[in-house]
Protein chains: 2
Amino acid sequence: MPSISKEDYLKSIYKFQNENGDSVSTADIAADLDVSNAATSDMAKKLAAQGFIKYEKYKGLKLTGKGEKIALNILRRHRLWELFLIKVLGLSWSEVHREAENLEHNTSEFLIDKIDELLNFPEFDPHGSPIPQKNGEVPKLPDMIPLSKAVEGKRYQIKNVHDESEDLINYLTKLNLVLNKKIKIIEKLNFDNSMIIENDGENITVSEKLTNSVFVTKI
Amino acid sequence: MPSISKEDYLKSIYKFQNENGDSVSTADIAADLDVSNAATSDMAKKLAAQGFIKYEKYKGLKLTGKGEKIALNILRRHRLWELFLIKVLGLSWSEVHREAENLEHNTSEFLIDKIDELLNFPEFDPHGSPIPQKNGEVPKLPDMIPLSKAVEGKRYQIKNVHDESEDLINYLTKLNLVLNKKIKIIEKLNFDNSMIIENDGENITVSEKLTNSVFVTKI
DNA sequence: CTACAAAGTTAAGCATGCTTAACTTTAATG
DNA sequence: CATTAAAGTTAAGCATGCTTAACTTTGTAG
Ligand SMILES: [Mn+2]
Ligand SMILES: [Mn+2]
Ligand SMILES: [Mn+2]
Ligand SMILES: [Mn+2]
């Protein structure tokens with residue numbers, strides 16, 4: 001089994017690969033994990049030596065099947081813990097990510113399966129992200145667009161929210177822009193790419209940073 | 001905050017101090033944590049430098065107030081997790097210790113308090129050991145003796161079981177010698193210090209190793 | 001196609017927490 | 001009280017995972 005650090009590297013590589021396809025730059029990983037580029041180059045060699053990634057100097061990192069399996073397993077642990085902490089222990093939407101970031105590396109497969117069972121084998125976590133199943137399958141997300149690409153006058157439903165920033169989640173909670181919420185786009189402002197949307201019958205203005213992190217489906 | 005290793009050292013020191021009083025030898029800690037004596041001597045210096053223990057070369061280790069506070073906090077985490085895993089997730093008596101050994105270092109104070117609350121602020125863990133409370137107080141155990149010191153013909157109740165050995169716990173479960181069980185001492189055998197006891201109306205023979213790890217009160 | 005900035009890698013070094021081997025202190029024995 | 005075995009410590013070294021500083025490669029602009 002890889003170390004805790006290696007698990008986090010593999011998870012991060014998976015994330016970027018999943019978002020942008022293909023191979024991932026050391027700089028992206030470094031920024032994501034808050035370590036130096038040098039540390040990431042170093043680790044890339046070790047991960048490649050152990051067969052978790054393909055790594056060509058200056059060309060980026062790419063998970064092997066073996067590496068992806070680990071990454072998905074860690075994501076599964078992370079997302080099951082998040083859901084469990086909300087449903088069973090009453091933690092809030094914004095608190096669970098940080099907690100899960102540690103628990104994901106310190107739980108036996110056995111316990112994870114117990115949690116999975118207690119939650120009745122859920123497919124999505126509290127941020128709308130798919131929970132990899134025990135057999136390795138990843139539930140399909142609906143066809144989403146970032147809220148920033150939504151069209152004036154149309155109605156949308158919130159289906160996924162990037163969960164890394166506690167500030168973002170706290171802000172969304174305050175605005176009551178929670179998962180599965182239905183909203184309407186009132187106006188897009190070219191000036192700063194902010195947006196006026198209708199939620200709970202009220203018009204609110206949201207920034208570009210927010211609209212890039214919230215994913216929606218058209219109703 | 002101390003590292004995970006340091007937390008385990010402090011917990012171990014507390015355990016021996018609590019059992020045998022006074023100061024603890026490096027060899028005891030080393031055996032308990034399955035590291036070399038050298039590693040323990042090394043760590044003793046570091047723990048002393050940080051004010052967690054008093055350490056005199058060749059004279060043993062002793063927790064300071066600061067060190068004891070950490071040790072009790074880790075014990076609290078450990079024992080709350082054990083109870084939680086049994087009560088909420090249906091793990092078995094023998095499985096929880098190993099799991100808790102990792103979880104105890106990777107949970108926020110906040111989450112621990114939530115677990116405490118959900119369990120309604122319990123005083124004892126599944127092995128009968130006291131759970132240090134949030135305010136630092138340690139619930140009092142009844143006056144117990146090791147089963148090995150029990151007297152022929154008298155009746156006793158199981159009140160505490162050392163929980164480090166999964167084999168022991170599995171064996172006890174098989175014999176249905178569980179917490180709070182009432183038993184009667186039929187015979188003590190001087191030959192090998194084994195004992196014949198009555199449990200569920202049946203006579204069973206148990207070894208000295210077992211009777212030294214099970215603690216009882218006289219009924 | 002050259003020069004140069006940006007991106008990425010290598011090198012050297014540090015902290016932590018271990019190991020084994022060599023050495024020192026303690027305490028029990030005669 | 002001198003000897004010696006047991007207990008404990010120090011020394012040297014290793015693995016992991018970081019850091020900063022120096023260097024190399026890549027790709028783009030002139
Ligand atoms: Mn998360
Ligand atoms: Mn993590
Ligand atoms: Mn335990
Ligand atoms: Mn532990």
Side-chain angles (χ1 to χ4, degrees), chain A residues 1-13 15-17 19-63 67 70-71 74 101-102 104-106, chain B residues 1-13 15-17 19-63 67 70-71 74 101-102 104-106:
Chain A
M1 281 297 94
S3 65
I4 290 176
S5 276
K6 291 200 174 94
E7 288 182 346
D8 278 334
Y9 276 95
L10 292 172
K11 188 155 65 93
S12 181
I13 297 165
K15 194 177 78 180
F16 284 103
Q17 227 170 261
E19 276 170 16
N20 318 316
D22 233 48
S23 85
V24 182
S25 75
T26 44
D28 282 349
I29 304 296
D32 188 39
L33 298 180
D34 201 20
V35 297
S36 66
N37 279 13
T40 306
S41 276
D42 227 53
M43 186 57 92
K45 280 186 240 165
K46 294 175 196 165
L47 291 172
Q50 291 174 87
F52 295 121
I53 64 169
K54 284 278 170 203
Y55 171 51
E56 266 193 280
K57 280 197 324 188
Y58 299 102
K59 304 286 181 189
L61 294 70
K62 203 173 170 184
L63 291 173
I70 304 280
I74 303 301
E101 200 55 62
N102 297 315
E104 63 188 358
H105 311 288
N106 294 284
Chain B
M1 285 295 93
S3 64
I4 290 175
S5 277
K6 291 200 174 94
E7 288 181 347
D8 278 334
Y9 276 95
L10 292 172
K11 188 155 65 91
S12 181
I13 297 165
K15 194 176 78 182
F16 284 102
Q17 227 171 261
E19 276 170 17
N20 317 317
D22 232 47
S23 86
V24 183
S25 74
T26 44
D28 282 348
I29 304 297
D32 188 40
L33 298 180
D34 201 19
V35 298
S36 66
N37 279 14
T40 306
S41 276
D42 227 54
M43 185 58 92
K45 281 186 238 162
K46 294 176 196 164
L47 291 172
Q50 291 172 86
F52 295 120
I53 64 170
K54 285 278 170 201
Y55 172 52
E56 266 193 281
K57 281 199 320 188
Y58 299 101
K59 304 286 179 188
L61 295 69
K62 204 173 171 186
L63 290 174
I70 304 279
I74 303 301
E101 201 54 62
N102 296 315
E104 63 188 359
H105 312 287
N106 293 284

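Numbers restart at 1 for each chain; the letters A, B, ... are given by sequence-line order, proteins then strands.
Nearest nucleotide to the Ala38(A) side chain, out of dC18(D), dG17(C), dA21(D): dA21(D). Taking the side chain of Ser3(A) as heavy atoms from C-beta on, and the options dG17(D), dT9(D), dT20(D), the nearest nucleotide is dG17(D). You'll find that the side chain of Val35(A) is closest to dT19(D), out of dT16(D), dT19(D), dT10(C).
Taking only side-chain nitrogens and oxygens, Lys6(B) comes nearer than 4.0 Å to OP1 or OP2 of dG17(C). A sub-4.0 Å separation between OP1 or OP2 of dT10(C) and a side-chain N or O of Lys45(A) is present. For Lys46(B) and dA15(C), the shortest distance from a side-chain N or O to OP1 or OP2 is not below 4.0 Å. One finds a side-chain N or O of Tyr55(B) lying less than 4.0 angstrom from the OP1 or OP2 phosphate oxygen of dT9(D). At the phosphate of dT16(D), neither OP1 nor OP2 sits under 4.0 Å from any side-chain N or O atom of Ser5(A). Applying the 4.0 Å criterion to OP1 and OP2 of dT9(D), one finds that Thr26(B) has a side-chain N or O inside that range.
Spacing between atom CG of Leu10(A) and atom P of dG17(D) amounts to 11 Å, rounded to whole angstrom units. We find that CG of Leu61(B) is positioned 8 Å from P of dT9(D), with the value rounded to whole Å. Tyr58(A) places its OH atom 12 Å from the C1' atom of dA6(C), with the value rounded to the nearest Å. For the pair Glu56(A) CD and dT9(C) P, the computed distance is 11 Å after rounding to whole Å. A straight line from CE of Met1(B) to C1' of dT16(C) spans 18 Å, rounded to a whole angstrom. Atom CG of Leu47(A) and atom P of dG17(D) are 9 Å apart (whole Å). Atom CG of Asp42(A) and atom C1' of dA21(D) are 15 Å apart (whole Å). Ile29(A) has its CD1 atom 11 Å from the P atom of dG8(C), to the nearest Å.
In this structure, the side chain of Thr26(A) does not engage the main chain of Gly60(A) through any donor-acceptor pair within 3.5 Å. A donor-acceptor pair under 3.5 Å links the side-chain atoms of Asn106(A) to the main chain of Asn102(A), judged by distance alone. Checked by atom type and distance alone, the side chain of Gln17(B) pairs as donor or acceptor with a backbone atom of Leu63(B) at under 3.5 Å.
Nucleic acid contact for Ala39(A): base, since at least one base atom lies under 4.0 Å from a heavy atom of the residue.
Checked against side-chain hydrogen bond (donor to acceptor under 3.5 Å, both in side chains), Lys15(B) has the following partners two or more places apart in sequence or in another chain: Asp32(B).
The shortest non-hydrogen separation linking Ile53(A) to Ala44(A) is CD1-O, 3.5 Å.
Checking Ser36(A) against Lys59(A), the closest nucleotide of DNA chain D that is more toward the 5' end is the one next to Ser36(A).
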